[in-house]
Amino acid sequence: MRRQEPYSMNEAGRDHATQAGHARQNSASKRLEDENEQLRLSLGSVREEAEAFAEERAELERKLDVRTRALRQAEAQLAMHRSKPQDFRGRLGTPGARLLDVMASRRDRDAPDEEGRIALEEMRVLAEELEAGNAALSLANQELEQRVSSRTSELAAAREALHRSEERLRLALTFAGAGEWDLRLGENRATWSKEWCALHGLDAASAEPCRETWTGRVHPEDLLAVEAALERSLKGGQPDFAVEYRLRDARGGERWLAGRGRLLHDAHGHPMQLSGLSFDITARKAAERVLARRNLLLEEEVEAAMAARQAAQTQRFQTMKMEALGQLTGGVAHDFNNVLAVLISGMTLLLRADSEEQRNSLLQSMMQAARRGATLTQRLLTFARRQPLQSDPLELQIWMQEMHGLAAPVLRAGMRLKTEAEGDVGPVLVDRGELEQAMLNVLVNARDAMPNGGTVTLSARKVHVQAASDPDGLDGDFVELGVEDEGHGIPPEMLPRIFEPFFTTKPVGKGTGLGLPQVYGFARQSGGTVRVASEVGKGTRIALLLPCAKGAGQCVTVPQGEAPAPMAQDAPMLVLVVEDDDQVAAMTVELLRTLGHTVQRVSSTDEALHALEQTQFDFLLADVMLGGGPDGIELAVAVSRLWPNLPLLLASGYGGMPERIAAAKLPLLRKPFGEDELRQAIRAVCARAGRALSPCPGPAARPTGRSGPSADGAARLPSQGPS
Ligand SMILES: Nc1ncnc2c1ncn2[C@@H]1O[C@H](COP(=O)(O)OP(=O)(O)OP(=O)(O)O)[C@@H](O)[C@H]1O
Ligand SMILES: [Mg+2]
């Protein structure tokens, strides 16, 4: 609004122009007053207009406020998807635009003064701001509508998806032949789908919706299971319900259903209802029955196949056994025929021999042949583990040094024997004689494998073996005695056969194929085993696992092969010989007589006991195998008890009872034996018995019963025969 300038008058012009001045002053003052009045009037009307506009603006703002609220409400409603944008679109307006229109019309109607224009200008700005707000509001509204529209289509898509998924579920239920059911707790009220009713042969319209209607359809044999499953779930013990049952079918048909359900809880977590599905499993049950039948058939077929395989295997083993037996018999026959050939032809020639020298030569050849036969049987018995072993603790390291002397005759020029021991290996429990025989067999093989010489290494080390990991099931501490050569080696395909009796790759007359079988039989019977490793062109290693000795020796060792002492040193004795074979007995008696002894022979245990009661003997020599009645071991045990001071010696050509002999700790002489072996054995037994081999007066001069039956005085034996 424009301001009025203050009025002022010049003092010098006052005289002349006082009156004119007064007049002018008055008229000016009048004009001023008029102008003031007009201004006052116009200001009043502007004020009125401004007030009207302010009111109008307030009204518009109120309306805008109302619309904004309506808009917010609509937006909120939209957010809840309860309303559509069209519902409020018509209610929106443009108050700023209308205000500008009004102002424009007013400006056209009257031309306001400065103050009015200022007021109008302010209102125009206000109206423009209002219009801008309105435009922003309209933009927001559009955006909102867009959001509403996209949310609405999202909602529609979601509804569509839900609908499709429900359809699919329904289809799945229909195709699966499943029906829905609910059992409400505490009300005995059921709800079920028409599919469920169809499954259970019920009319959906008329069937009473309760538990009994359901269970009434269940086959009596399955009723208990269904009731129990329902109870378990309804009482909350087992929230998941699962049962398979048949339906009662008047036509005798069988239909299987499966019920699966779960206990549902209300918002407070209280069990509310059991809801689930039932579906037809008749086909599955039928398939299961077929499968079970097929399984049974398959099992029977497998069993039959196994039995056939077992039979084939047994047949194969039998064939192999027969082959092995044939090989063994052939080998034995071959070797014995050679022995017998020498003996028979030797004896024939002996009858015709002219000179003493010729006779001696023939006898030597025959003796050699017979000894070869004896070695042959001994090796066979060792392989069969029938040879009674006389195991004693043996210091292996010392023995290994002695092996140099023993091996010397076996090794050829260009061969070297090396011995090495890993730490202190300690004693092993073995039959020294058999061990040496085994070592010689292995050394001969090494020699034969190294025609151009080489080194044979004899080694010993202690090993611990566990049954769980050992192929032979050995357990405990052993000494591994290895013999390694640098020979041509053994082809892999031949390795499994080298322990077979009579298996040999050596030319006729060079090998019998009984060397390694003896090694194997000896090691196994000693409680150990043999392992072989070989590489063609590099060499072979044969390792014997021998049990470590824990205590003292187990049986009396009868040294063999020692140089015989002169016969004159042995005092004559009265010897009782128990032998059921007349020929063997005759020879044994003759041998004993040759040794200077007096001999009485009986052929059974009973006769022996009777003879011992009648006569005091200095020595008892008994065969182990005595036909009919108790055997030689039983006799020896009884005699040891009744006549503890009587030295006794068992003789056996067949070690059928090596364990019994070892257990009874009885001295044993292996058959066949010659004069030297017999003399040595008798000496050893007498020495062990502490008997001085002093000259004796002869049977006739001695009183009988000098050391008769002890304590109980009866010479009785159990009447069981040898096995
Ligand atoms: N150290 C070795 N190197 C190469 N081959 C060997 C060795 N030891 C054994 N063999 C093979 O194993 C076969 C059987 O050996 P085994 O000692 O049982 O009988 P042999 O040596 O043939 O005859 P025997 O020992 O009765 O005189 C031998 O013929 C040989 O082929
Ligand atoms: Mg050999």
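All ligand and atom numbering here is 1-based and tracks the order in the structure.
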* How close does the nearest protein non-hydrogen atom get to atom 17 (O) of ligand 1, and which residue and atom is it? -> Asn445 ND2, 2.8 Å
* **Heavy-atom donor-acceptor pair, Ser365 side chain to Ser361 backbone, under 3.5 Å** => yes
* Asked: Considering only the protein, which heavy-atom contact is closest to atom 14 (C) of ligand 1, and what is its distance?
  -> Phe503 O, 3.3 Å
* **Distance filter under 4.0 Å to Pro517 heavy atoms, resulting ligand 1 atoms** => 18 (O)
* Asked: If you draw a 6.0 Å radius around CD in Gln466, do more than 12 non-hydrogen atoms from other residues or ligands fall strictly inside?
  -> no
* What is the nearest protein non-hydrogen atom to atom 22 (O) of ligand 1, stated with its residue, atom name and distance? -> Thr504 OG1, 2.6 Å
* Asked: At what distance is the nearest protein heavy atom to atom 1 (N) of ligand 1, and which residue and atom is it?
  -> Asp485 OD2, 2.8 Å
* So, Arg531 side chain and Gly482 main chain: donor-acceptor pair closer than 3.5 Å or not? -> no
* Asked: Can you check whether Val575's main-chain N or O pairs, donor with acceptor, with Asp618's side chain at less than 3.5 Å?
  -> no
* To do: Pick whichever of Leu516, Val536, Val483 has a heavy atom sitting closest to atom 15 (O) of ligand 1.
  => Leu516
* Asked: Taking atom types as modelled and ignoring hydrogens, do the side chains of Asp431 and Ser391 form a donor-acceptor contact shorter than 3.5 angstrom?
  -> no
* Asked: Would you call Glu434-Arg670 a salt bridge at under 4.0 Å N-O?
  -> yes
* **Side-chain donor or acceptor of Gln310 paired with backbone N/O of Met306 under 3.5 Å** => no
* Asked: For ligand 1, is any non-hydrogen atom under 4.0 Å from Ile542's backbone (N, CA, C, O), its side chain (CB onward), both, or neither?
  -> neither
* Run down the list His488, Met450, Arg497 and name the one with the heavy atom closest to atom 4 (C) of ligand 1. => His488
* To do: For atom 19 (O) of ligand 1, find the nearest protein heavy atom and state the residue, atom name and distance (0.1 Å precision).
  => Gly513 CA, 3.3 Å
* Who gets closest to atom 10 (N) of ligand 1 by heavy atom: Ile490, Asp335, Leu495, Val442? -> Ile490
* Asked: Side-chain donor-acceptor pair under 3.5 Å between Asn441 and Gln437, yes or no?
  -> yes
* Asked: Which bit of Thr540 gets closer than 4.0 Å to ligand 1, counting heavy atoms only: side chain, backbone, both or neither?
  -> side chain
* Asked: Should Gly489 be listed as contacting ligand 1, given a heavy-atom distance under 4.0 Å as the test?
  -> yes
* **Basic-acidic side-chain contact under 4.0 Å: Lys671, Asp581** => no
* **Taking atom 11 (C) of ligand 1 as the reference point, the nearest protein heavy atom with its distance** => Ile498 CG2, 4.2 Å
* **Residue and atom name of the nearest protein heavy atom (relative to atom 3 (N) of ligand 1), distance in Å to one decimal** => Ala449 CB, 3.3 Å
* Considering only protein heavy atoms, which is closest to atom 29 (O) of ligand 1, and at what distance to one decimal place? -> Thr505 N, 2.9 Å
* Could you tell me the separation between the SG atom of Cys548 and the CZ atom of Phe478, rounded to the nearest 0.5 Å? => 8.0 Å
* Does any N, O or S atom in Asn445 come within less than 2.8 Å of the Mg ion (ligand 2)? -> yes
* To do: Salt-bridge test for Arg371 and Glu677: reply yes if a basic N is under 4.0 Å from a carboxylate O, no otherwise.
  => yes
* Subset of ligand 1 atoms that lie under 4.0 Å from at least one heavy atom of Leu514 -> 26 (O)
